Participant: 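Pasting in a structure now, in structure tokens, and then I'll have a few things to ask.
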Amino acid sequence: MSKTKDNFNIIQYITVFRFINLGLLYSSFIISRILKRPIVWGKPFTVSIEPTTACNLACPECPSGKKEFTRNTGKLDLSMNKRMLQSIGKQLFYINYYFQGEPFLHPEFLELIREAKKHKIYTATSTNAHFITSKVAEEIVSSGLDRLIISIDGITQETYEGYRVNGKLSKVIEASKALVEAKKNLNTTTPHLIFQFLVVKPNEFEIPKVFELAKEIGIDEVRLKTAQLYDYANGNPLMPQQEEYARYKRLKDGTYRLKYKTGNHCWRMWSSCVLTWDGKLVPCCFDKDAQHTIGSLDQTSFDSIWKSKPYQQFRNSILTKRNQIDICTNCSEGTKVWL
């Protein structure tokens, strides 16, 4: 029932103008696939905006956690957030305030949410929940945030810290209970609370128990997520034993490949983009180190970047030789990410 309420909440943000824009985007995407050259009508209906690259954990498959970025660590300035919202356009109706890092390490994170709500945009974020106290939980609920994904990759401390290195499961559970209580106190159904369970070998046996825990606490939804592994060709200690929970398939020679075939297409290049904390525009969330920066809002307008020659060249590469692009070789486009 809660999931239905969230879907209905999303629909409320779709105006006639936004619906027409979505139709234009999808039409131009289909035509581009047929013609094998990029045609773009409309502007993105969803974006990811990065509050910060900083993180308190050290997750083994995360460049933020491993501190392996070549780009600077920083936080989104409130004025830059306003510029992003004004520049992208009124057709935008969904923002995921997350890319790399832990959003609640941004000292004014909820101000970013409040500003987006002024534009009547559906807002979501993802957190490890280590900085959510009872007081912060009430502030989150009051901010108008529509969706909050809570990463909980284990239901015992041993399995949890096997992936969420330096993390404490007790903090995640306390924060989750505080959020449920705050929603009750303020008599609201938002934010829609999701337990995200990244399935890896150390925790796959706990899958039934995470659903039990969510029901016990009052979490709205549980999502099982397949893990992106950087080093998978010869196996990986995090690779689930049950292949249904993996993005990779074991071959007869003992090596692994992506389970799902990729082709010369990517809807994300038309429907969305990612903006880093310092205003850079990158094509998608797999460009974690911003190696394929298309432009910067510090230097030019969003409209100029969206249909610029570099962006069109990148889209053209997607349509003709996607498998030769580094960030596309382990991409989830066409992959069963959620189980």
Side-chain angles (χ1 to χ4, degrees), residues 21-22 24-33 35-51 53 62-64 68-72 76 80-81 83-85 87-89 91-101 124 126 228 230 247 258 260 262-335 337:
N21 177 73
L22 179 57
L24 289 171
L25 280 174
Y26 193 70
S27 299
S28 62
F29 170 63
I30 296 299
I31 292 172
S32 297
R33 288 187 63 178
L35 298 179
K36 295 296 181 184
R37 62 183 179 87
I39 296 170
V40 181
W41 299 328
K43 293 168 67 176
F45 69 89
T46 177
V47 299
S48 291
I49 296 178
E50 180 179 63
T53 43
C62 175
S64 180
E68 290 184 349
F69 283 130
T70 59
R71 60 189 177 104
N72 294 331
L76 178 62
M80 174 59 79
N81 182 54
R83 192 184 316 170
M84 289 175 175
L85 294 171
S87 179
I88 296 174
Q91 83 295 331
L92 184 69
F93 74 88
Y94 189 114
I95 296 178
N96 179 21
Y97 271 102
Y98 173 77
F99 178 30
Q100 299 299 300
S126 180
Q228 178 197 10
Y230 288 97
R247 296 186 189 184
L258 281 169
Y260 305 93
T262 58
N264 290 326
H265 55 82
C266 183
W267 169 231
R268 297 181 192 185
M269 294 303 102
W270 276 255
S271 64
S272 62
C273 64
V274 177
L275 294 166
T276 64
W277 68 268
D278 52 353
K280 293 184 176 67
L281 190 153
V282 297
C284 81
C285 60
F286 279 84
D287 190 9
K288 301 179 190 303
D289 214 13
Q291 295 295 310
H292 296 272
T293 298
I294 305 292
S296 173
L297 293 187
D298 259 347
Q299 301 169 353
T300 187
S301 68
F302 182 85
D303 284 350
S304 297
I305 300 171
W306 182 243
K307 294 186 179 180
S308 66
K309 185 176 180 180
Y311 216 147
Q312 291 294 73
Q313 288 175 336
F314 191 86
R315 291 187 181 105
N316 187 66
S317 297
I318 292 289
L319 293 169
T320 56
K321 51 183 179 180
R322 180 182 164 207
N323 290 333
Q324 296 178 29
I325 304 172
D326 55 349
I327 61 172
C328 300
T329 57
N330 197 8
C331 173
S332 63
E333 176 79 6
T335 299
V337 176

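Everything numeric in this text was worked out from a predicted model, so none of it was measured. Count residues from 1 along the sequence.
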Participant: Please enumerate all residues that pass salt bridge (charged side-chain N to carboxylate O under 4.0 Å, His left out) together with Arg71, with sequence neighbours excluded.
Facilitator: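 Partners of Arg71 by the salt bridge (charged side-chain N to carboxylate O under 4.0 Å, His left out) criterion, ordered by chain and then number, come out as Glu50.
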
Participant: Looking at Ser27 and Leu24, would you say the former's side chain and the latter's main chain have a donor-acceptor pair under 3.5 Å?
Facilitator: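 Not a single qualifying donor-acceptor pair exists.
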
Participant: Could you check if a side-chain atom of Gln100 sits within less than 4.5 angstrom of a side-chain atom of Cys62, using non-hydrogen atoms only?
Facilitator: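 Yes - at least one pair of side-chain heavy atoms lies under 4.5 Å apart.
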
Participant: How close do Ile294 and Ser308 get, counting heavy atoms only, and between which atoms?
Facilitator: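 Nearest pair, atom of Ile294 first, then Ser308: CG2-OG, 4.0 Å.
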
Participant: The criterion is side-chain contact (heavy atoms from CB on, under 4.5 Å); which residues satisfy it with Lys321, sequence neighbours excluded?
Facilitator: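 Testing Lys321 for side-chain contact (heavy atoms from CB on, under 4.5 Å), a comparison that skips the adjacent residues, returns Ser317, Gln324.
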
Participant: Going by the rule ring-ring contact (aromatic ring centres under 6.0 Å, His included), which residues pair with Trp277 if we only count those two or more places apart in sequence or in a different chain?
Facilitator: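 Per chain and number, Trp277 pairs via ring-ring contact (aromatic ring centres under 6.0 Å, His included) with no residue.
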
Participant: Identify the heavy atoms of Ile318 and Cys328 that sit nearest to each other, and give their distance.
Facilitator: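 Scanning both residues, the minimum pair turns out to be CD1-SG, 3.7 Å.
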
Participant: I need the full list of salt bridge (charged side-chain N to carboxylate O under 4.0 Å, His left out) pairs touching residues 273-293, with sequence neighbours left out, sorted by first then second residue.
Facilitator: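 Every pair satisfying salt bridge (charged side-chain N to carboxylate O under 4.0 Å, His left out) with a residue in residues 273-293: Asp278-Lys280.
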
Participant: After noting the C-alpha distance and the side-chain angles of Arg37 and Thr320, does the key distance pass the side-chain contact (heavy atoms from CB on, under 4.5 Å) rule?
Facilitator: CA-CA 8 Å; Arg37 62 183 179 87; Thr320 56; over 6 Å; no

Participant: Considering residues at least two apart in sequence or located in another chain, which fulfil the ring-ring contact (aromatic ring centres under 6.0 Å, His included) criterion with Phe302?
Facilitator: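 In terms of ring-ring contact (aromatic ring centres under 6.0 Å, His included), with neighbours along the sequence ignored, Phe302 is linked to Trp306.
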
Participant: Go through the steps to decide whether Leu22 and Gln91 satisfy the test side-chain contact (heavy atoms from CB on, under 4.5 Å), and finish with yes or no.
Facilitator: CA-CA 8 Å; Leu22 179 57; Gln91 83 295 331; over 6 Å; no

Participant: List the residues meeting side chain to side chain donor-acceptor pair (under 3.5 Å) with Ser301, not counting sequence neighbours, and say none if there are none.
Facilitator: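 Ser301 satisfies side chain to side chain donor-acceptor pair (under 3.5 Å) with Ser304 only.
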
Participant: Rounded to the nearest 0.5 Å, how far apart are OG of Ser126 and CZ of Phe99?
Facilitator: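 If we round to the nearest 0.5 Å, Ser126:OG and Phe99:CZ are 13.5 Å apart.
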
Participant: Just to verify, what does Gln312 make a side chain to side chain donor-acceptor pair (under 3.5 Å) with, not counting sequence neighbours?
Facilitator: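 For Gln312, the residues satisfying side chain to side chain donor-acceptor pair (under 3.5 Å) (neighbours in sequence not counted) are Arg315.
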
Participant: Check side chain to side chain donor-acceptor pair (under 3.5 Å) between Arg83 and all other residues, then give those that pass, not counting sequence neighbours.
Facilitator: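 Result, side chain to side chain donor-acceptor pair (under 3.5 Å) vs Arg83: Asp298.
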
Participant: Report the residues that fulfil side chain to side chain donor-acceptor pair (under 3.5 Å) with Asn72, sequence neighbours left out, ordered by chain and then residue number.
Facilitator: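 So Asn72 forms no side chain to side chain donor-acceptor pair (under 3.5 Å) with any residue.
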
Participant: Start with the C-alpha distance between Asn21 and Tyr26, add both sets of side-chain angles, then the distance that settles side chain to side chain donor-acceptor pair (under 3.5 Å), and finish with yes or no.
Facilitator: CA-CA 9 Å; Asn21 177 73; Tyr26 193 70; over 6 Å; no

Participant: Going by heavy atoms in the side chains, are Ile327 and Gln291 under 4.5 Å from each other?
Facilitator: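 They are not in side-chain contact.
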
Participant: For the residue pair Leu281 and Cys273, what are the closest heavy atoms and their distance?
Facilitator: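 Minimum heavy-atom contact is CD1-SG, 4.0 Å.
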
Participant: Can you check side-chain contact (heavy atoms from CB on, under 4.5 Å) on Ile95 and Leu85, steps first, answer last?
Facilitator: CA-CA 10 Å; Ile95 296 178; Leu85 294 171; 3.3 Å; yes

Participant: Quick one: side chains of residues 40-49, donor-acceptor pairs under 3.5 Å with protein atoms, not counting sequence neighbours, listed by atom name and distance.
Facilitator:
{"from": "Lys43", "atom 1": "NZ", "to": "Ile88", "atom 2": "O", "distance (Å)": "2.7"}
{"from": "Lys43", "atom 1": "NZ", "to": "Asp303", "atom 2": "OD1", "distance (Å)": "2.8"}
{"from": "Thr46", "atom 1": "OG1", "to": "Tyr94", "atom 2": "O", "distance (Å)": "3.2"}

Participant: What heavy-atom pair brings Ser32 and Ile39 nearest, and what distance separates the two atoms?
Facilitator: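 Heavy atoms of Ser32 and Ile39 come nearest at OG-N, 2.8 Å.
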
Participant: So, for Leu275 and Leu297, which heavy atoms are closest and what is the spacing to 0.1 Å?
Facilitator: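 Distance-wise, the nearest heavy atoms are CD2-CD1, 4.2 Å.
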
Participant: Start with the C-alpha gap between Tyr311 and Asn316, add the side-chain angles, then the distance that decides, and say whether side-chain contact (heavy atoms from CB on, under 4.5 Å) holds.
Facilitator: CA-CA 9 Å; Tyr311 216 147; Asn316 187 66; over 6 Å; no

Participant: Quick one: does Arg322's side chain have a donor or acceptor within less than 3.5 Å of a partner on His265's backbone?
Facilitator: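 Yes, the answer is positive, given that a donor and an acceptor are paired below the 3.5 Å cut-off.
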
Participant: So do the side chains of Pro283 and Arg268 get within less than 4.5 Å of each other, counting heavy atoms only?
Facilitator: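 Side chain of Pro283 against side chain of Arg268, heavy atoms only: no contact under 4.5 Å found.
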
Participant: Is a donor on one side and an acceptor on the other found under 3.5 Å between the side chain of Ser87 and the backbone of Met84?
Facilitator: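 The answer is no, because no donor-acceptor pair under 3.5 Å joins these two groups.
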
